[in-house]
Amino acid sequence: NLLDIIIDNDIDIDGFGACEGTLACSTCHLIFKQEDYDKIPDKPTDEELDMLDLAYGLSSTSRLGCQVV
Ligand code: FES
């Protein structure tokens with residue numbers, strides 16, 4: 001998934017993925033372009049939406065990176 005890609009590539013986002021994809025943080029918050037957001041096949045779960053509510057700068061095309069495959 002996306003989180004692995006970011007970790008694999010050593011992309012340095014401070015604190016990104018702090019909970020390692022267990023939906024216990026919002027450090028993997030990503031804001032997609034609408035066209036990219038529309039390509040994400042799965043809709044956010046309630047758990048993801050709850051965590052997104054805590055994310056800084058929430059937008060209508062926000063997802064948690066660790067939940068986007
Ligand atoms: Fe913590 Fe995604 S890495 S919610």
Side-chain angles (χ1 to χ4, degrees):
N1 67 24
L2 201 56
L3 188 58
D4 294 329
I5 294 170
I6 289 171
I7 291 171
D8 286 350
N9 288 292
D10 253 348
I11 298 171
D12 193 17
I13 304 173
D14 200 29
F16 186 98
C19 77
E20 300 181 327
T22 57
L23 271 181
C25 70
S26 57
T27 60
C28 61
H29 176 213
L30 297 173
I31 298 174
F32 290 87
K33 288 185 290 191
Q34 186 68 53
E35 64 190 86
D36 293 331
Y37 186 85
D38 291 342
K39 285 181 199 150
I40 303 171
D42 56 326
K43 297 289 162 240
T45 60
D46 289 345
E47 288 80 7
E48 181 179 347
L49 291 173
D50 284 349
M51 202 51 70
L52 272 173
D53 279 341
L54 305 176
Y56 175 78
L58 181 65
S59 85
S60 62
T61 58
S62 289
R63 292 295 303 268
L64 289 177
C66 69
Q67 302 303 306
V68 179
V69 179

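Below, each value reflects all heavy atoms present in this structure, side chains not excepted, and no hydrogens, waters or symmetry copies. Read the numbers this way: they start at 1 and go in the same order the structure lists the ligands and their atoms. Index from 1, following the sequence.
If you number the atoms of ligand 1 from 1 as listed, the ones under 4.0 Å from a heavy atom of Cys28 come out as 2 (Fe), 3 (S), 4 (S). Those atoms of ligand 1 with a heavy atom of Gly17 less than 4.0 angstrom away are 3 (S). Within ligand 1, the atoms closer than 4.0 Å to a non-hydrogen atom of Leu23 are 4 (S), numbered from 1 in the order shown. The contact set between ligand 1 and Gly21, taken as ligand atoms under 4.0 Å from a residue heavy atom, comprises 3 (S).
Nearest approach of Gly57 to Ser62, heavy atoms of both residues: O-OG, 4.3 Å. The two atoms that bring Asp42 and Gln67 nearest to each other are OD2-O, 3.3 Å, heavy atoms only. When all heavy atoms are compared, the tightest approach of Leu58 to Leu52 is CD1-O, 3.5 Å. Residues Ile31 and Ser59 approach most closely at CG2-OG, 3.4 Å, considering heavy atoms.
A search for side chain to side chain contact (heavy atoms under 4.5 Å, CB included) contacts involving Asp36 returns Phe32, Lys33, Lys39, not counting sequence neighbours.
Not a single heavy atom of Ser26 lies less than 4.0 angstrom from ligand 1.
Coordination check, Cys66 versus atom 2 (Fe) of ligand 1: passed, since an N/O/S atom of the residue sits under 2.8 Å. Atom 2 (Fe) of ligand 1 has no N, O or S atom of Cys25 under 2.8 Å away, backbone or side chain.
Distance check, rounded to the nearest 0.5 Å: CG of Asp46 to CG of Leu23 gives 11.0 Å.
Here Cys19 has heavy atoms under 4.0 Å from ligand 1 in both its backbone and its side chain.
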